[in-house]
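Each remark here refers to the structure printed beneath this line.
Chain identifiers are assigned alphabetically (A, B, ...) following the order of the sequence lines, protein sequences preceding nucleic acid strands; residue numbering begins at 1 within each chain.
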Amino acid sequence: MLEEVHVSLPADAEAIAALKLGSVVYLDGVVYTARERVYQRVLNEGHSLPQGLGEISNVNFHCSPAAAVKDDGTYEIGGVTATASFRFSKYLADWLDLSGTKIIIGKGGMPGDDYQHVLAPRGAVYLTTVGYGTGALLGRGVQGVEAVHWLDEFGIAQAMWLFRVKDFGPFLVDSDLQGQSLFAQQGDLVNRKIDDLYTGLKEPALHRYGETKDRTDELI
Amino acid sequence: MISNQSIETASYEIMKKAAIDIPEDYLAGIKSVASRESGELSGFVIKTMINNYQTATEDRRPMCADTGLPRYYVKVGDQAAFEGGFTGIERALRSATARATRDVPLRPNRVHPLWRTEHNNNVGINAPEIEWTFEPDADWIDITTVHKGGLFGTDYRMLFPGDGVDGIKRFLLDTLISFGKRGLCCQPAIIGVGLGGSKDTCMQLGKQAACLRMVGNRNPDPKIAQLELELMELGNSIGMGAMGFVGSSMVVDLHIEVGHTHTGGLPMSVHTFCLSSRRATARLHSDGSVAYRTDPKWFTPYHRRETIDWDQLSRGEAHA
């Protein structure tokens, strides 16, 4: 059985240090969404973070909700699912420094180097969503919208949403404060068998430029 | 007579059903895959997904917030009586997409490829895609919607006849391994393989094979059916399960569709549908009645053009 942990947000240093690879995590408090448009606006264009963000939430969810603005101006949140995080690697060091974020939630993890050199030294860890399609479970965990920023400019998918959440999960701990990665460990185990799968299959008649020939390579 | 209004209403309904309700054939397939899974993490992922399907149905909310690129497959019977012409149907489908995006709600994923601007309703230039096909001796219109994510798990390669089944296996492994790592293609999934045709047809055949056939359905050519099973077993022997964790759950089913191709080539495409294989179909009859189901029944003998008019054409006769 995998270990199950509940964490109150904003997460304190002790709770984060206690997270172990492969543990199942549920969150209570406020999480915010931010992806490329928000990062660009703040980090490249020099706009300020929404006031008080750091005191409300230190959890950045790489997410675009299936949401709608109702006629009375309130929001309906349907499904909530993560988007692939590796694409945001280049923003993270500056973002963590600026926002004080300690937990990143997303899809698929980040490269191991990011955990060792960017997240762990800043006291931050990565949680992955499960299966990637648990939109209904996570949607049920969202109790309300605290605030939404840049909605008109960026649209629903790219806006910064602040969700008040309860029993929000499950997530799996992918990285810890030692900079280890569950995905990398599991990937190494899978890699051991890969060469055998190709044994006896003849080489293709035409090769392609730009491809790796080593199937244990990380592609993200 | 099938009105534009009833097409709009039925299309809105299937948008909703596809987003929320897991098709039964896929649920049975995933349970069967899960029963053979020995990897602890992969097993946990699948158990959580099954819990998620149930939550979606109970709460009437989408299974996955990435409601993909909603699109339509339309099959029109020769005897179907409908108003407003074909463009009337297309307008109804566009309207249903926008309405469902706001009401379900679906995530408005569609943006302009260069300017990244959007209409917040999944409607835009060349979007949603509408594919048309026709059916003899039928007085109905079948409308199927598929919500499939778009970023990972699909690839194309021009193989050559000499590459043969080895080449097919090699490219399938390449695709499943590269996109299966970290679970980027949201496996375990239904895999569609397109073989032959021209490059664009090959992509289309593979996509339709993944999205428009039921789990357990086999290609009518017994040798292709055998290859489907063989490739499915190969995918599940990689040692990779859900989210790329150690395990055996990669392929819930594998479907191959073929098209006659260039004598020098063997084009191949691979498509992975996702853990929430989202499809729903409505049949609108000319008497105004509507019936809903999860089996698109897309690959009819006429659709595959299996042997259609072959005898006559091979004798060089013109069509009567």
Side-chain angles (χ1 to χ4, degrees), chain A residues 1-2 22 24 37 63-70 76-84 86 107-109 128 130-140 155-158 170 172 182-183 186-187 189-194 197-198 200-206 208 211-212 215 218-220, chain B residues 19-20 40-41 44-46 48-49 51-53 55-56 59 61-67 101-109 111 116 118 120 151-152 157-160 162-163 166-167 169-171 173-174 177-178 181-184 186 234 237-240 242-246 274-276:
Chain A
M1 276 293 284
L2 303 172
V24 179
R37 291 296 295 277
C63 159
S64 301
V69 182
K70 292 194 275 195
E76 181 179 357
I77 306 298
V80 177
T81 308
T83 196
F86 70 86
K107 170 177 176 176
T128 177
V130 174
Y132 306 134
T134 54
L137 285 173
L138 296 179
R140 192 182 259 189
I156 286 166
Q158 294 275 348
L172 286 167
L182 178 69
F183 277 122
Q186 290 281 306
L189 292 171
V190 169
N191 283 344
R192 287 181 196 165
K193 279 188 59 188
I194 286 181
L197 293 163
Y198 289 84
L201 299 177
K202 59 180 177 280
E203 286 286 315
L206 182 70
R208 293 193 285 191
E211 287 179 291
T212 174
R215 290 184 180 81
E218 280 277 20
L219 297 179
I220 66 169
Chain B
I20 295 172
E40 188 180 22
L41 287 160
F44 169 77
V45 174
I46 298 172
T48 306
M49 290 305 303
N51 191 3
N52 183 65
Y53 305 144
T55 305
D59 290 8
R61 60 169 91 235
M63 291 182 267
C64 179
D66 188 346
T67 42
T101 299
R102 193 194 59 205
D103 288 0
V104 175
L106 307 177
R107 189 208 282 172
N109 273 342
V111 299
R116 314 310 290 182
E118 61 181 314
N120 268 332
L151 305 189
F152 307 108
R157 185 155 195 187
M158 179 58 85
L159 302 173
F160 298 92
D163 289 325
D166 272 8
K169 287 182 174 170
R170 185 174 270 279
F171 184 53
L173 286 171
D174 284 352
I177 291 168
S178 59
K181 286 192 174 185
R182 295 168 181 263
L184 291 180
C186 299
L234 179 67
S237 70
I238 292 172
M240 198 188 270
M243 290 176 74
F245 294 139
V246 172
C274 62
L275 253 171
S276 308

What residue, out of A:Gly139, A:Gly155, A:Ala157, has the most heavy-atom pairs lying under 4.5 Å from chain B? A:Gly139

To the nearest 0.5 Å, how far apart are [atom1] in [X] and [atom2] in [Y]?
| X | Y | atom1 | atom2 | answer |
| --- | --- | --- | --- | --- |
| B:Met158 | A:Arg208 | CE | CZ | 11.5 Å |
| B:Asn51 | A:Thr134 | CG | OG1 | 9.5 Å |
| B:Lys181 | A:Asn191 | NZ | CG | 4.0 Å |
| B:Arg102 | A:Ile156 | CZ | CD1 | 11.0 Å |
| A:Leu189 | B:Phe245 | CG | CZ | 11.5 Å |
| B:Ile177 | A:Ile194 | CD1 | CD1 | 4.5 Å |

Mind running side chain to side chain contact (heavy atoms under 4.5 Å, CB included) on B:Ser237 and A:Leu197 for me, showing each step along the way? CA-CA 8 Å; B:Ser237 70; A:Leu197 293 163; 3.9 Å; yes

Interface moiety of [X] toward chain A, non-hydrogen atoms closer than 4.5 Å:
| X | result |
| --- | --- |
| B:Val104 | backbone |
| B:Phe160 | side chain |
| B:Leu151 | side chain |
| B:Ser276 | side chain |
| B:Ala56 | both |
| B:Tyr53 | neither |
| B:Leu106 | backbone |

Select, from [options], the one with the greatest count of heavy-atom pairs under 4.5 Å involving chain A.
| options | answer |
| --- | --- |
| B:Glu118, B:Arg116, B:Lys169, B:Met49 | B:Met49 |
| B:Leu234, B:Ile20, B:Val45 | B:Val45 |
| B:Thr67, B:Thr101, B:Asp166 | B:Asp166 |

Quick one: does [X]'s side chain have a donor or acceptor within less than 3.5 Å of a partner on [Y]'s backbone?
| X | Y | answer |
| --- | --- | --- |
| A:Arg215 | B:Asp174 | no |
| B:Arg182 | A:Gly187 | no |
| B:Arg107 | A:Ala66 | no |
| B:Asp163 | A:Pro204 | no |
| A:Arg140 | B:Asp59 | no |

Test side chain to side chain contact (heavy atoms under 4.5 Å, CB included) on B:Leu173 and A:Leu201; report intermediate values, then the result. CA-CA 11 Å; B:Leu173 286 171; A:Leu201 299 177; 4.1 Å; yes

Minimum heavy-atom distance between [X] and [Y], given as atom pair plus value:
| X | Y | result |
| --- | --- | --- |
| B:Thr48 | A:Pro170 | CG2-CG, 3.4 Å |
| B:Gly244 | A:Val190 | O-CG2, 3.8 Å |
| A:Ser64 | B:Ala65 | O-CB, 3.9 Å |
| A:Leu137 | B:Thr55 | CD2-OG1, 3.2 Å |

Who passes side-chain hydrogen bond (donor to acceptor under 3.5 Å, both in side chains) against A:Lys107, sequence neighbours left out? none

For [X], is it the side chain, the backbone, both, or neither that has a heavy atom closer than 4.5 Å to a heavy atom of chain B?
| X | result |
| --- | --- |
| A:Ala84 | side chain |
| A:Ile77 | backbone |
| A:Thr212 | neither |
| A:Gln158 | neither |
| A:Leu2 | both |

Do B:Asn120 and A:Val69 pass the side chain to side chain contact (heavy atoms under 4.5 Å, CB included) test, and can you show the C-alpha distance, the side-chain angles, and the key distance before you say yes or no? CA-CA 10 Å; B:Asn120 268 332; A:Val69 182; over 6 Å; no

Run the numbers on B:Met243 and A:Gln186 for side chain to side chain contact (heavy atoms under 4.5 Å, CB included), then give the verdict. CA-CA 10 Å; B:Met243 290 176 74; A:Gln186 290 281 306; over 6 Å; no

Among B:Cys64, B:Cys274, B:Cys186, find the residue that satisfies the side chain to side chain contact (heavy atoms under 4.5 Å, CB included) test when tested with A:Tyr132. B:Cys186

